[in-house]
Structures are given as structure tokens and as C-alpha cells.
Visitor: 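First, the structure itself, so that you have it in front of you.
Just the heavy atoms: all of them, side chains too, but no hydrogens, waters or symmetry mates, feed the values below. In what follows, residues are counted from 1 in the order of the sequence shown. In each ligand, atom 1 is the first atom listed, and ligand 1 is the first ligand listed.
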Amino acid sequence: MSRIVYVNGQYFPEEEASISIFDRGFLMADAVYEVTSVLDGKLLEFEGHLKRLKRSLSELNMPEPSVFNDLLEIHRKLVNDNQVEQGGVYLQVTRGVADRDFVYPKDVEPTLVIFTQSKDILGSPLVNSGMKVISIDDLRWGRRDIKTVQLLYPSMGKMMAKAADCDDAWMVEDGYVTEGTSNNAYIVVGNKIITRELSNDILHGITRASVLRYAKEAQMIVEERSFSVDEVKSADEAFITSASTFVMPVVEFDGVLIGTGKPGNVSKRLREIYIEESRNKAI
Ligand code: PMP
């Protein structure tokens, strides 16, 4: 079924939508994005995604699209028109269209593309089996806190994981895990939930912020610090968070079983809390 998508102020059937070959998103990866999950036909964490988008744009001196204040309405219309019950809304802003040059163009209207993707998030088989993860060197650039569309290395990482018959890769720098290819990474040791502290080294996950808040509210102990590859192998549990997976258990790392090799209780509990809370707050 053809979707209705949004491009620069207009709605099109997907096969009729297009952007210029001179778009800087295409030529230079000069673009940022957000993915907002949809559950029960409603948007999760919309405010958080909008805030992070604002920050990404500002860090790159990219102008905000003129319809910035209408983004909620556009998201809702797309979810509604495409009858998305579960899945996500992908939004991308590029610096716009200009003759190819490294220097940022002046007075150019940013390109804005928004489309929906239906996906069964709740029914993923990985919820019960847990994920198998490999470690890979983190070879990305130094501003991973900005959500840019430079996703080639994460894509290569997913392919390396697939080649190793695994589900994903955690990236490692100086012996310490930064994050997953498209998610934040956590271990559980005793009664502590450990995840890397916020910095330019990782994306400031919207799901991460909520999960840590819910964990603290449930009297769990949270430690925000870097953890090593060895710590993962001897951890009691591990999991990831992201808008497209919520909380997902990790049961194997570089061929070593984590804890019992089954999804752990802390991961399961956090997943339940996250789904319940975000469902209640969905708009
Ligand atoms: N880290 C990276 C590298 C990501 O790509 C993502 C998801 N886009 C995340 C973390 C998780 O962020 P969020 O919870 O906002 O989806």
C-alpha cells in the first residue's frame, strides 16, 4: 500500500515525492533526523524528540524549518492518514538545496521530509529470546551527540553482526562500550544499572532519559559511567534502549552468555514499566 508522505509543506503519495539531487542531505550528509515511536496510533515522547531536534539543528547552525511549530500536527496527520497503529514517524531536516560547496549556503530554506513506517514493536521475537551482540571498534566521528544521518558505519556494524549470526553490535572505544549501533547500552551488576554518562561520545537517547527516570522512581540504583568489555561479559544482565525497540534484553556478548543467558528480571521489569508509562503519556 502506498503511503502518504510529507515533503516541504506538501503531502504526496510516496511514489510522487522527490527532492533535488543538489540537496545537501544527499551530497554531504548535511542533515539531522528523529524517529518518534507510535503505539496505539499515538506518538511516544514527542516533546523529547522535538527538543533534541532543536538541539541538533542548533549545534550545526542549521535553520529550523518554518513549520517547526506545526510538527505535531503533521506527525498526527501522517499517522492518521496512513493508519499506523504501531511503528514510527521518521523526520529528516537537511540544510537545503544549493550548488555543491563545503561552505554552508546562505538564505536557503531547509528541506523537511517526514514519513511513517508501520512495525510490530511489541511483538518482536527478541523480547523473549534476548539479543546476541558482538563488539566492534567505534570508528564514528566525534560528535555522536548530534543525531545526523551519517549512518554508514552503524550500518556496517549491523552487517558485521549479521555475518557473525548476531543481532547487533556494541561499539567500543579505549576498551569501553560507547553505545549500540542504533541504541544505548546498559549492563546490570547486582542491583545496579550501569550505562555510559552523557557526553559527545554518545547519542542522548530519549528512551534512555525516560528509562533511567523510571528506574530511579522504582528505587533501582543507576550508575552513569563508562563500562568495559570485560564488565559486560561478567554482568548479570544487559539490555539496550531506543525508540524503535523500547527496552530489549541482551543475552550474549562476543559469544559469552550474560548471566543465565536468558532475558533478565531487571530488563523485563524496565520494559514493562517503560511501555506502561509511555502508553499512558502518548499523545
Ligand atoms: N544511540 C544511537 C547511536 C542511536 O542511533 C539511537 C537511536 N536513534 C539511540 C542511541 C537511542 O536513542 P532514542 O532512545 O532517542 O531512540
Visitor: What I want to check is whether the side chains of Ser2 and Glu15 have a donor and an acceptor closer together than 3.5 Å.
Guide: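 The criterion, which ignores hydrogens and geometry beyond distance, is satisfied for Glu15 and Ser2.
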Visitor: Inspect the contact between Glu64 and Lys54 and indicate whether a charged nitrogen and a carboxylate oxygen are less than 4.0 angstrom apart.
Guide: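 Counted as a salt bridge, because a side-chain N and a carboxylate O are separated by less than 4.0 Å.
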Visitor: Which residue holds the protein heavy atom closest to atom 12 (O) of ligand 1, what is that atom called, and what is the gap in Å?
Guide: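 Looking at atom 12 (O) of ligand 1, the protein heavy atom closest to it is Gly205 CA, 3.5 Å.
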Visitor: Using heavy atoms and a 4.0 Å limit, tell me yes or no: is Arg144 in contact with ligand 1?
Guide: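 Judged by the 4.0 Å heavy-atom criterion, Arg144 does not count as contacting ligand 1.
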Visitor: Number the atoms of ligand 1 from 1 as they appear, then name those within less than 4.0 Å of a heavy atom of Arg140, with their elements.
Guide: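 Close to Arg140: 3 (C).
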Visitor: Which residue and atom name correspond to the protein heavy atom nearest atom 8 (N) of ligand 1, and how close is it?
Guide: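 Ranking protein heavy atoms by distance from atom 8 (N) of ligand 1, first comes Lys147 NZ, 2.4 Å.
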Visitor: Is there a polar contact between ligand 1 and Arg52, counting only N or O atoms under 3.5 Å apart?
Guide: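 Yes, since at least one N or O of Arg52 sits under 3.5 Å from an N or O of ligand 1.
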Visitor: Return yes when atom NZ of Lys233 has more than 12 non-hydrogen atoms of other residues, nucleotides or ligands closer than 6.0 Å, and no otherwise.
Guide: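 Buried by this count: over 12 neighbours within 6.0 Å.
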Visitor: Tell me, please: is Thr181 in heavy-atom contact with ligand 1, that is, under 4.0 Å?
Guide: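 Within the 4.0 Å threshold, so yes.
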Visitor: Could you check whether any side-chain heavy atom of Ile187 comes within less than 4.5 Å of a side-chain heavy atom of Glu237, counting everything from C-beta outward?
Guide: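 Ile187 does not reach Glu237 side chain to side chain.
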Visitor: Do Lys147 and Ser56 get their side chains close enough for a donor-acceptor pair, meaning under 3.5 Å?
Guide: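 Their side chains do not contain a donor-acceptor pair, so the 3.5 Å distance test is not met.
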Visitor: Please confirm whether Met171 approaches ligand 1 to less than 4.0 Å, judged on its heavy atoms.
Guide: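 Contact absent.
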Visitor: If the contact criterion is a heavy-atom separation under 4.0 Å, does Asn183 count as touching ligand 1?
Guide: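 Under 4.0 Å: yes for Asn183.
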Visitor: Using a strict cut-off of less than 4.0 Å between a Lys/Arg side-chain nitrogen and an Asp/Glu carboxylate oxygen, indicate whether Asp23 and Arg95 qualify as a salt bridge.
Guide: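 Between Arg95 and Asp23 there is no salt bridge, as every charged N stays at least 4.0 Å from the carboxylate O atoms.
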Visitor: Would you tell me which option among Ile206, Ile202, Thr245 has the nearest heavy-atom contact to atom 13 (P) of ligand 1?
Guide: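 Nearest heavy atom to atom 13 (P) of ligand 1 lies in Ile206.
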Visitor: Report the nearest protein non-hydrogen atom to atom 11 (C) of ligand 1: residue, atom name, distance rounded to 0.1 Å.
Guide: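 I find the closest protein heavy atom is Asn184 OD1, 3.7 Å.
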Visitor: I'd like to know if the side chain of Ser135 pairs up with that of Asp254 as donor and acceptor (distance under 3.5 Å, no hydrogens or angles considered).
Guide: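 There is such a pair between these side chains.
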Visitor: Salt bridge check: are Asp165 and Lys132 linked by an N-O gap of less than 4.0 Å?
Guide: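 Salt bridge flag = no for Lys132 with Asp165.
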Visitor: So which protein heavy atom does atom 7 (C) of ligand 1 come closest to, and at what separation?
Guide: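 Of the protein heavy atoms, Ser182 O, 3.3 Å lies nearest.
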Visitor: Is it the side chain, the backbone, both or neither of His204 that has a heavy atom closer than 4.0 Å to ligand 1?
Guide: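 No part of His204 is near ligand 1 at this cut-off.
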Visitor: List the closest protein heavy-atom neighbour of atom 14 (O) of ligand 1: residue, atom name, distance to the nearest 0.1 Å.
Guide: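 It is Thr207 OG1, 2.6 Å.
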Visitor: Identify the protein heavy atom lying closest to atom 1 (N) of ligand 1, giving its residue, its atom name and the separation to 0.1 Å.
Guide: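 Ranking protein heavy atoms by distance from atom 1 (N) of ligand 1, first comes Glu179 OE1, 2.6 Å.
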Visitor: Between Glu277 and Lys281 (salt bridge meaning N to carboxylate O under 4.0 Å), is one present in this structure?
Guide: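 A salt bridge links Glu277 with Lys281.
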Visitor: For a ring pair (Phe, Tyr, Trp, His ring centres under 6.0 Å) with Phe239, tell me which candidate from Phe246, Tyr274, Tyr186 qualifies.
Guide: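 Option passing the ring pair (Phe, Tyr, Trp, His ring centres under 6.0 Å) with Phe239: Tyr186.
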Visitor: Among all the protein's non-hydrogen atoms, which is closest to atom 16 (O) of ligand 1, and how far away is it?
Guide: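 Answer, as residue, atom name and distance: Ala243 N, 2.8 Å.
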